[in-house]
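What's counted below: heavy atoms across the whole structure, side chains too, no hydrogens, waters or symmetry copies. Model, not experiment: these values are computed from the prediction.
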Amino acid sequence: MEHKKQLNVLDTVYLPGPIEQKWYKHWQEAGYFSSDINKESEPFCIVMPPPNVTGQLHMGHALDCAIQDILIRWRRMQGRRAFWLPGTDHAGIATQAKVEEALAEEGLSKYDLGRELFLERAWEWKHHYHARITKQLTMMGCSCDWEKERFTLDEGCSEAVREFFLHLYKQGLIYRGSYIINWCSHCQTTISDIEVEHHNVASYLWHLRYPYADGSGYVVVATTRPETLLGDTAVAVHHEDKRYADKVGKTVILPVMEREIPLIADSYCDMEFGTGAVKVTPAHDPNDFEIARRHDLPLISVIGKDGKMTEKAGKYAGMEALECRRLLVEEFKHLGLWEGTTELEHAVGHCYRCGTVIEPLVSPQWFVKMKPLAERGIAAVEDGAIRFVPSRFKRTYISWMGNIRDWCISRQLWWGHRIPVWYCAACGQEIAAKEAPATCPKCNSNALTQDTDVLDTWFSSGLWPFSTLGWPKETQLLKDFYPTSVLVTGYDIIFFWVARMIVSGLAQMDMKPFHEVFIHGIIRDGEGRKMSKSLGNGIDPIEMIEQYGADSLRFMLITGVSPGNDMRFQTERIEAARNFINKLWNASRFTLMNLEDYKQGAYELHLTLADKWILTRLKIATTTVALNMEKYELGEAARAAYDFTWDEFCDWYVELAKQRLYQGNPEERYTAQTVLIKVLTNILALLHPIIPFVTEEIWQQLPHEGASLMLARFPDGSELEKYPQEAQLVELLMDIIRAARNIRAEMKVPLGKKANIVLIAEPALLTDIAGGADYLRQLAQALELQFLPSGSTPPALAAKAHVRGVEIYLPLAGLIDIEKETARLKKEITTCKNELKRLLGKLTNTSFIAKAPLQVIEKERAKQGEFEEKKRSLEKHLEMLQ
RNA sequence: GGGGCUAUAGCUCAGUUGGUUAGAGUGCUUGCUUGACAUGCAAGAGGUCACUGGUUCGAGCCCAGUUAGCCCCACCA
């Protein structure tokens with residue numbers, strides 16, 4: 001054990017800044033973040049959800065990282081081989097959009113640069129923000145193994161992507177085909193179904209007449225998108241719709257285009273909606289696309305990728321779609337084919353990146369066949385191989401997976417993994433390969449060109465748990481750490497990411513990617529709104545760290561919220577966290593200030609009541625913390641440590657220890673010092689995963705063994721001793737002290753004025769209490785203590801309280817306010833009466849007596865006895881005062 | 001149209017297998033230059049645990065329904 005006293009006792013306020021920087025650097029240089037620490041032990045691995053290199057980290061990342069770092073530090077302290085793998089995501093569409101924005105400010109478009117130069121700019125962007133993100137993670141205190149850091153677009157991850165693509169391709173699980181996809185005309189790319197956000201939009205339903213070809217009148221269709229009618233290839237009604245029973249099979253003339261199209265019957269139609277007749281535009285509506293496949297209808301694309309009408313739109317060609325809509329409705333009015341317009345609110349798909357309305361288009365794209373993959377993904381969660389915490393997210397996941405459709409993975413972007421497929425210009429052959437083939441295997445031509453599209457960014461993040469560990473190479477890292485232990489992320493990306501990782505892991509590795517998924521909520525602003533750029537209500541974690549310290553931020557983020565629930569970010573809460581850390585700091589200052597003469601083993605220990613009490617409480621608190629950590633109840637764990645530290649250690653034990661420290665003999669002083677060190681050291685260990693910086697700073701200054709608190713043992717309570725009887729007695733003494741303080745406060749006894757206290761109880765109990773007489777004198781401001789056996793005559797003019805068989809009198813001649821004391825007593829008596837009423841009801845209930853466990857009944861009886869005695873005792877005193 | 005979450009002190013929230021006199025932080029009241037800390041100490045006020053039923057000896061907690069708010073999914077044009 002060494003003891004170096006460095007703490008500046010003048011610093012009554014803890015200043016986190018320099019201390020946090022100092023320790024992060026120290027830990028990193030000492031190699032404590034390495035996955036080689038505890039190398040021979042059971043591995044514990046977390047792969048960090050890679051933040052996007054689009055920008056800096058927000059409060060959600062701070063929460064995510066705080067949780068992961070807590071888990072990692074905790075397991076490391078338990079002796080596990082803890083490995084937290086950091087990394088970042090290239091975030092295809094998002095980053096490309098940012099780079100394009102930056103170019104636009106220079107008056108340039110990506111086409112001005114060309115693919116290669118554009119990618120250079122994108123890499124510059126990546127380097128810039130990567131450095132920033134790294135800085136932020138270090139400021140948070142993240143103990144990740146930086147030497148193993150990865151990026152989704154690095155060489156290894158790129159190889160993994162190609163390998164996995166081929167794996168699925170060979171099984172026919174990746175295919176190319178012309179299907180209806182979601183097109184964002186702003187981003188100029190497809191997006192997958194989950195990247196489409198549906199918002200309700202107030203719009204109109206136009207009722208339009210399509211004349212029958214045989215001249216027998218017209219059918220009225222209702223549409224929200226008149227401009228698409230130029231691409232109609234049928235009108236559909238429901239089989240059972242009597243209104244149209246004799247019309248099915250006829251043809252109608254599509255107005256404006258003068259095209260003859262059939263009237264068909266399809267169960268998709270809702271007879272209740274509109275007129276029951278729906279126009280079918282297979283090229284611009286997913287449902288119509290399905291109808292067309294069932295009825296073998298042609299596809300006519302009338303809206304192009306630029307959002308303008310195509311040449312197939314006849315005279316409307318080249319026009320913006322919305323302008324076309326307006327003019328087309330006008331034309332229908334002129335033609336006498338407009339029946340009317342009604343208001344309608346309906347869901348419209350928008351791009352999740354830019355908010356542009358999504359245009360469904362038919363286009364040749366690459367898809368992943370999801371059904372067979374999803375089945376395995378569902379089974380793994382259903383049979384418990386992968387466990388969701390909290391468990392309610394299991395249902396969310398399964399129901400989504402059960403309804404999954406094929407995943408469009410090709411993107412018309414430049415920033416990302418190029419699709420590993422080449423086309424032969426000579427024979428049209430499609431060649432999927434890991435590396436660029438020299439010649440066409442079919443015709444030997446060397447006129448090969450690679451597919452120009454890149455893959456959906458989530459295609460590569462889906463491989464993250466194994467691509468980062470070195471796959472497809474058979475690395476030791478992969479052997480040691482796959483499957484990973486737990487994945488920590490927000491519920492908002494369960495579908496985007498968690499589901500994809502499960503599916504990909506099972507498909508490629510034949511093994512789940514992780515055992516557990518720990519889901520947290522999102523951080524909202526003080527009013528409960530989502531933090532967003534557009535609202536400008538985001539709170540920068542860095543600002544908070546600079547103002548309050550990373551420890552405060554971490555503590556605040558994981559307390560006061562239960563797992564999986566959202567949290568409001570309120571400044572008062574981070575202030576409260578800061579105050580707690582300051583409290584810990586000051587309790588440590590107090591301890592250190594009293595250790596100048598401390599020498600381990602100098603004397604024998606003589607544990608007092610207070611010592612035995614705090615050690616017992618420490619054992620309980622430690623056990624509580626340890627159990628809650630195991631259950632992922634981090635907030636509860638933190639709260640237990642907080643309560644113990646502040647309420648029991650600081651408010652009581654430190655006060656109880658002062659007398660021995662200031663006036664005790666060397667042995668007494670030594671014992672108090674030893675217990676202070678022991679309890680404080682234990683507190684620091686319990687809190688270290690949560691608030692690593694301040695705990696390390698203090699620990700290093702206390703007598704300690706080992707190089708760093710990071711590598712110290714995390715206590716679980718089993719190593720601590722307990723003294724239940726002494727602890728119980730101290731609890732009684734505390735109650736007596738509180739009662740006496742209450743009386744003093746109510747009677748407004750000036751602080752400096754000491755008063756006598758008379759205690760009346762059974763002799764055996766009195767003897768016990770007398771053992772804590774010093775505590776009473778000190779903390780209840782007692783001048784003289786008098787112990788009288790039960791039945792003795794109490795002092796005449798006194799205030800009284802009654803606590804667990806002990807009558808407490810404060811003779812306050814001159815100070816006592818009879819009226820106040822009467823009121824106080826009456827209030828106490830009322831409480832007793834209410835409790836007794838409740839207890840009596842229970843105890844006279846025969847079924848309660850018959851069915852409740854004996855223990856519960858005994859407890860209630862004991863309470864009844866106590867309250868009866870208390871009531872009697874107080875009533876007697878009340879009478880005396882009258 | 002499905003599914004989920006939330007409703008507990010003025011405010012923000014805990015309350016983990018049903019048994020505590022229902023808790024914390026913050027705010028409020030009162031008193032404190034207490035030899036670690038005013039980012040603090042002590043004492044206090046403040047709750048029909050949304051509502052209605054049910055299960056149970058016993059419900060803030062379990063079940064059903066109602067109301068209010070939030071979120072996710074979804075192809076009614």
Side-chain angles (χ1 to χ4, degrees), chain A residues 9 12-14 194 198 205 221-225 228 236 268-270 272-275 277-281 285-290 344 346-347 360 392-393 395-396 399-400 403 491-492 494-495 521-522 526 528 530 548 552 559-568 570 572-573 575-594 627-628 631 633 635-636 639 642-643 647 650-651 654-655 658 662 738 741-746 748-752 779 781 831-832 834-835 838-839 842 845-853 855-857 859-860 863 867:
Chain A
V9 290
T12 61
V13 168
Y14 174 64
I194 48 171
H198 295 271
L205 193 57
V221 299
T223 180
T224 52
R225 304 192 59 200
T228 64
Y268 161 76
C269 298
D270 180 352
E272 310 293 316
F273 190 90
T275 59
V278 59
K279 59 191 252 347
V280 181
T281 319
D285 183 287
N287 301 304
D288 295 3
F289 186 80
E290 293 301 319
L344 178 77
H346 68 137
R392 68 171 181 271
F393 293 106
R395 191 205 283 255
T396 317
S399 67
W400 184 76
N403 296 312
Y491 61 72
D492 50 333
I494 292 176
F495 304 147
I522 62 172
K530 222 169 172 170
Y548 299 99
S552 297
T559 48
V561 69
S562 45
N565 287 349
D566 293 351
M567 164 191 276
R568 296 191 193 199
Q570 283 167 320
E572 304 87 70
R573 297 196 52 238
E575 278 170 4
R578 187 266 321 264
N579 294 351
F580 171 62
I581 285 158
N582 195 238
K583 187 73 182 175
L584 178 64
W585 174 254
N586 273 293
S588 305
R589 281 182 63 234
F590 169 81
T591 303
L592 287 162
M593 287 162 77
N594 285 289
L627 287 176
N628 278 300
K631 289 190 290 186
E633 291 281 357
E636 283 298 290
R639 196 180 58 80
Y642 175 103
D643 288 348
D647 302 343
C650 294
D651 286 349
V654 164
E655 294 306 321
K658 276 179 181 171
Y662 297 149
R738 275 189 279 253
R741 283 171 172 174
N742 182 351
I743 291 172
R744 292 179 59 101
E746 297 272 332
K748 304 232 186 278
V749 180
L751 191 71
L779 299 183
Q781 301 265 354
T831 310
C832 289
N834 290 340
E835 274 308 299
R838 192 182 63 82
L839 288 163
K842 251 185 170 172
N845 182 340
T846 47
S847 355
F848 174 74
I849 301 298
K851 296 188 180 172
Q855 236 185 330
V856 174
I857 299 171
K859 211 170 145 191
E860 298 296 286
K863 269 192 266 176
F867 277 112

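- For B:G69 and B:C51, the C1' atoms lie 15 Å apart once the distance is rounded to whole Å.
- Side chain A:R578 to base B:U39: a donor-acceptor pair is found below 3.5 Å.
- Secondary-structure annotation of RNA chain B gives the stems B:1-7 with B:67-73, B:10-13 with B:23-26, B:28-32 with B:40-44, B:50-54 with B:62-66, with a stem taken as at least 3 successive Watson-Crick or G-U pairs whose two distances both fall under 3.5 Å.
- Residue A:N403 has no polar side-chain atom (N or O) positioned under 4.0 Å from OP1 or OP2 of B:G3.
- Between A:Y642 and B:G23 there is no side-chain polar atom (N or O) within less than 4.0 angstrom of OP1 or OP2.
- Contact annotation: A:T224 does not reach the phosphate of B:A77 (side-chain N/O to OP1 or OP2, under 4.0 Å).
- If you take atom C1' in B:G44 and the same atom in B:A50, they sit 29 Å apart, rounded to whole Å.
- Contact annotation: A:K658 side-chain N/O to B:U34 OP1/OP2 distance is not under 4.0 Å.
- Listed pair A:N742 / B:G44 meets the phosphate criterion, a side-chain N or O lying under 4.0 Å from OP1 or OP2.
- A parallel orientation is assigned to the rings of A:F393 and A:Y491, their planes being inclined by less than 30° (bins at 30° and 60°).
- If you check B:U21, B:G19, B:C57 against the side chain of A:K859, the one that comes closest is B:G19.
- Nucleotides B:A59 and B:U21, compared at atom P, are 15 Å apart to the nearest Å.
- Between A:R738 and B:A42 there is no side-chain polar atom (N or O) within less than 4.0 angstrom of OP1 or OP2.
- Among the heavy atoms of the strands lying under 4.0 Å from A:E636 is at least one base atom, whether or not backbone atoms are also near.
- The side chain of A:R395 places an N or O atom within less than 4.0 Å of a non-bridging phosphate oxygen (OP1 or OP2) of B:G4.
- For A:K863, a side-chain nitrogen or oxygen approaches OP1 or OP2 of B:U21 to under 4.0 Å.
- For B:A36, its base sits under 3.5 Å from the side chain of A:E655 at one donor and acceptor pair at least.
- Comparing B:C37, B:U39, B:C76 by their closest approach to the side chain of A:N586 singles out B:C37.
- A gap of 23 Å separates the P atoms of B:C37 and B:G31, to the nearest Å.
- Partners of A:R568 according to the side-chain contact (heavy atoms from CB on, under 4.5 Å) rule, which considers only residues two or more places apart in sequence or in another chain, do not exist here.
- As rounded to the nearest Å, B:G18 and B:G58 have P atoms that lie 15 Å from one another.
- Note on A:A850: nothing from the nucleic acid sits closer than 4.0 angstrom, heavy atoms only.
- Atom name P, nucleotides B:C71 and B:C32: the rounded distance is 50 Å, in whole Å.
- The side chain of A:N565 has B:A14 as its nearest neighbour among B:A14, B:A77, B:U39.
- Each of B:C41, B:A43, B:A36 was ranked by its minimum atom distance to the side chain of A:Y662; first place goes to B:A36.
- Across B:C49 and B:G23, the matching C1' atoms stand 12 Å from one another, rounded to whole Å.
- Comparing atom distances between the A:V561 side chain and each of B:A14, B:A36, B:U26 picks out B:A14 as nearest.
- Taking atom NZ on A:K631 and atom P on B:G15, their separation rounds to 11 Å, with Å as the unit.
- Comparing A:R639 and A:D647 by the nucleotide of RNA chain B that holds the closest heavy atom to each, the one mapping nearer the 5' end is A:R639.
- Checking B:G35, B:C13, B:C37 against every side-chain atom of A:R568, the shortest atom distance belongs to B:C13.
- Out of B:U26, B:C41, B:U16, the shortest distance to the side chain of A:K583 is found at B:C41.
- Between A:F590 and A:Y662, the ring planes are perpendicular. Angles over 60° get that label, and only those under 30° would be called parallel.
- Considering only side-chain atoms of A:E633, the nucleotide from B:A77, B:U16, B:U39 that sits closest is B:U16.
- Across B:C57, B:C76, B:C41, the shortest atom-to-atom separation from the side chain of A:Y268 is found for B:C76.
- Listed nucleotides: B:A77, B:C37, B:C73. Nearest to the side chain of A:F495: B:C73.
- Note on A:N628: a base of the nucleic acid sits closer than 4.0 angstrom, heavy atoms only.
- Scanning for side-chain contact (heavy atoms from CB on, under 4.5 Å) contacts around A:R744 gives A:V749, A:A755, A:Q781, A:L810, with sequence neighbours left out.
- With both ends at atom P, the span from B:U48 to B:C11 equals 12 Å, rounded to whole Å.
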